[in-house]
Protein chains: 2
Amino acid sequence: MSGRSDIKGDKPARSTLRDVALLAGVSEISVSRVMRDAPNISDKLRDKVMAAANSLSYTPNRVAGALKNQSSNLVAVVLPSMSNEVFPSVLDGIESILNDQGLHAVLGLSEYDRDRELKVIRELLSWSPMGIILTGLHHLDPIPGMIAQLDIPVVQIMDIEGAPIGSAVGISHSAAAIAAADYLHGRGYRKIGYIGAWSEKPQRSKARRRAFEARLQALGCPLVASLISEDRSSAMVGAQTTAALRQQHPEIDCIFYANDDLALGGLFHALAAGIDVPGELGLLGFNGIDIGKATPIPLSSIETPRFEMGREAARLLLSSRESGNVIKDLSFKISDGKTA
Amino acid sequence: MSGRSDIKGDKPARSTLRDVALLAGVSEISVSRVMRDAPNISDKLRDKVMAAANSLSYTPNRVAGALKNQSSNLVAVVLPSMSNEVFPSVLDGIESILNDQGLHAVLGLSEYDRDRELKVIRELLSWSPMGIILTGLHHLDPIPGMIAQLDIPVVQIMDIEGAPIGSAVGISHSAAAIAAADYLHGRGYRKIGYIGAWSEKPQRSKARRRAFEARLQALGCPLVASLISEDRSSAMVGAQTTAALRQQHPEIDCIFYANDDLALGGLFHALAAGIDVPGELGLLGFNGIDIGKATPIPLSSIETPRFEMGREAARLLLSSRESGNVIKDLSFKISDGKTA
DNA sequence: GTCAATATTGGTAACGTTGTCATTCAATTG
DNA sequence: CAATTGAATGACAACGTTACCAATATTGAC
């Protein structure tokens with residue numbers, strides 16, 4: 001009955017256009033057209049084809065389609081990691097737009113390693129995706145050329161300060177750092193510390209710390225100290241580094257953290273140690289994650305639009321044919337927490 | 001110089017095996033073999049080809065390769081959602097195995113909707129993935145048949161109680177619920193409540209609650225009440241529902257939560273309201289997320305191996321040719337928190 | 001120096017789909 | 001009623017790769 005399966009007489013095998021066409025007694029191209037809802041198809045033909053297709057439970061082979069078309073419904077998405085809440089949210093935002101269009105993300109993780117990123121991008125590009133989303137603005141040299149060869153749209157997320165390959169969606173991290181410095185200074189804090197983690201692998205956090213430091217300097221109250229853990233960010237590390245930093249520099253009256261996981265750890269440490277927050281110690285996080293809104297003292301934080309960043313990136317990708325390259329500043333806001 | 005680009009004289013166009021072969025003065029097959037590291041290639045040939053390939057910055061077209069080979073290096077991964085920490089961890093585990101093998105996940109989100117899941121699976125299968133990872137054991141009728149047609153391995157994650165299509169990796173949710181009931185009962189709690197969220201969309205949480213209820217009944221201290229919020233899980237919802245449940249049933253001395261986000265919310269509520277934990281109120285979460293280890297009172301929770309589940313799923317997928325279908329119980333453990 | 005065995009290369013034909021260009025046939029027009 | 005149009009279908013040739021089967025070099029054995 002179904003072509004190839006006779007030859008060897010075993011597996012049901014995947015049915016093809018040809019099988020459907022044979023069964024329906026029409027040409028392959030007609031089946032193709034019906035499957036794709038092409039115009040100028042008679043109801044009679046459509047019915048015949050659909051019946052045959054259903055009885056064979058035919059699924060179009062998009063690999064073949066993509067080869068012929070030179071384009072697919074895949075979108076390459078390259079993120080550094082999945083292990084904090086930032087990138088899953090971004091990915092969620094991306095998927096929320098893509099899935100409605102019948103598009104799908106092919107995922108690659110760089111683990112903050114440039115060479116690995118290059119390898120992953122090369123592999124993903126070999127699938128002729130219809131677009132690619134990258135994290136950050138700094139990439140190895142050959143990458144823009146590789147993308148140009150496919151002539152597909154690129155959107156870079158997270159950062160907008162630099163020279164994007166195509167479009168970019170994100171926030172200004174230096175502006176966020178300046179806002180943080182101004183905010184804390186405005187609240188009366190004068191002995192400010194900084195805590196980061198994971199050796200600042202994302203260059204964005206390094207940029208943020210530097211801008212923060214510079215701004216404090218300009219405000220006349222230079223950063224007292226910063227402590228960058230080698231470990232990955234976590235609440236536990238946040239608690240430990242907070243204790244350590246306060247021991248080394250008892251005069252510190254406020255800490256700005258690289259992210260909310262660390263800041264929550266700081267808050268938990270303070271709660272457990274009976275430190276008065278925000279009086280004795282002010283705490284300011286970064287990202288504005290959900291949990292921080294429910295803590296006994298709600299966490300003050302720089303809220304970043306992570307989900308929206310993903311959505312916007314996907315939207316820009318889809319519209320880039322018309323709108324060309326765009327740089328979109330989604331901006332941040334300082335949440336109304338009570339820890340600073 | 002590069003074939004197609006002459007015709008119209010515009011885009012650099014993507015170079016192909018043919019372009020490389022022409023430039024290197026060898027056959028297309030030879031280029032193909034060099035690119036794939038096939039055996040029996042002379043150094044001279046390899047060098048010529050590599051030089052040509054580099055100068056054209058050639059990237060193999062895997063769409064064509066997959067069509068010819070009838071199989072790709074893509075793995076379809078269908079998850080319900082990205083919006084709590086569970087599935088990102090699982091995905092992280094999956095990718096940690098896949099990426100080292102040059103494989104890539106194509107993602108589909110079902111949003112806990114069966115029909116949507118079917119649609120997504122159909123689309124992903126049309127890419128001839130080399131395997132597919134699904135969430136849970138309950139799927140719409142046509143799905144097993146669709147997968148069988150491609151003759152690729154399937155791994156279902158999260159749950160192991162039921163009839164898997166292929167392999168399954170997860171934990172026994174009823175066993176976890178029983179362990180929770182026994183643990184709380186053993187700690188002396190007798191007026192136990194339950195809090196869930198999002199209308200229990202994941203059937204796993206429903207199964208867990210039922211088993212929990214049944215066990216408490218058997219232990220002679222029936223569940224006092226359960227409160228299932230319609231909202232998605234979050235610490236905020238956990239705090240609110242905890243307050244609400246205690247108001248409705250002041251006798252409750254302990255609450256088992258559907259997940260740690262809710263439980264953390266409960267803990268924060270208790271801390272803010274000055275409720276003595278675990279004396280006046282015991283709290284037990286589910287999943288064992290990182291943050292819970294750093295709270296002023298570390299959260300007691302049923303720890304589930306989410307990352308490991310992803311890793312194991314990917315491993316099973318890769319080894320299924322030899323090992324066949326396997327059901328793997330990764331088991332859970334009750335964390336040594338201090339809230340129950 | 002001859003012959004078999006092996007290492008190295010190439011030619012050809014698919015894989016399943018769709019764009020381009022026919023072709024058929026019914027409907028419309030003057 | 002012939003001529004013209006347009007709708008509906010089909011034939012054929014790609015898309016870029018790789019499996020399969022030659023064909024040609026190279027090596028070693030006797």
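In what follows, every chain begins at residue 1, and chains take the letters A, B, ... in the order their sequences are listed.
Between the CZ atom of A/R14 and the P atom of C/dC15 there is a distance of 14 Å, given to the nearest Å. When rounded to the nearest whole Å, the span between CG of A/N40 and P of D/dA8 equals 5 Å. The nearest whole Å value for the distance from the CD atom in A/Q70 to the P atom in C/dT17 is 17 Å. The CD1 atom of B/I29 sits 11 Å away from the C1' atom of D/dG16 (whole-angstrom rounding). Per the geometry, CD1 belonging to B/I41 stands 19 Å off P belonging to C/dT6, to the nearest Å. What separates CG of B/L45 from P of D/dA25 is a distance of 15 Å, to the nearest Å. The separation between B/M35 atom CE and D/dG16 atom P is 15 Å, rounded to whole Å.
Within 4.0 Å (heavy atoms only), A/P39 reaches no atom of the nucleic acid at all. Using a 4.0 Å heavy-atom distance criterion, A/N69 is classed as a sugar-phosphate-only contact. A/V26 comes within 4.0 angstrom of sugar-phosphate atoms only, judged by non-hydrogen atoms across all strands, and of no base.
No side-chain N or O of B/S110 forms a donor-acceptor pair with one of B/R116 less than 3.5 Å apart.
Put simply, A/S27 has no side-chain N or O that comes within less than 4.0 Å of OP1 or OP2 on D/dT9. A sub-4.0 Å separation between OP1 or OP2 of C/dT18 and a side-chain N or O of A/S32 is present. Contact annotation: B/N61 does not reach the phosphate of D/dG16 (side-chain N/O to OP1 or OP2, under 4.0 Å).
Among the nucleotides D/dT9, C/dC15, C/dG10, the one closest to any side-chain atom of A/R33 is D/dT9.
Taking CG from B/L317 and CD from B/Q101, the interatomic distance works out to 11.0 Å, rounded to the nearest 0.5 Å.
Taking the charged nitrogens against the carboxylate oxygens, A/K201 and A/E111 have no contact shorter than 4.0 Å, which rules out a salt bridge. Between A/K328 and A/E308 there is no salt bridge, since none of the side-chain N atoms of the basic residue sits less than 4.0 Å from a carboxylate O of the acidic one.
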Before you tell me yes or no, could you show the steps for B/S167 and B/V154 under side-chain contact (heavy atoms from CB on, under 4.5 Å), namely the whole-Å CA-CA distance, both residues' side-chain angles and the distance that decides it to 0.1 Å? CA-CA 6 Å; B/S167 294; B/V154 199; over 6 Å; no

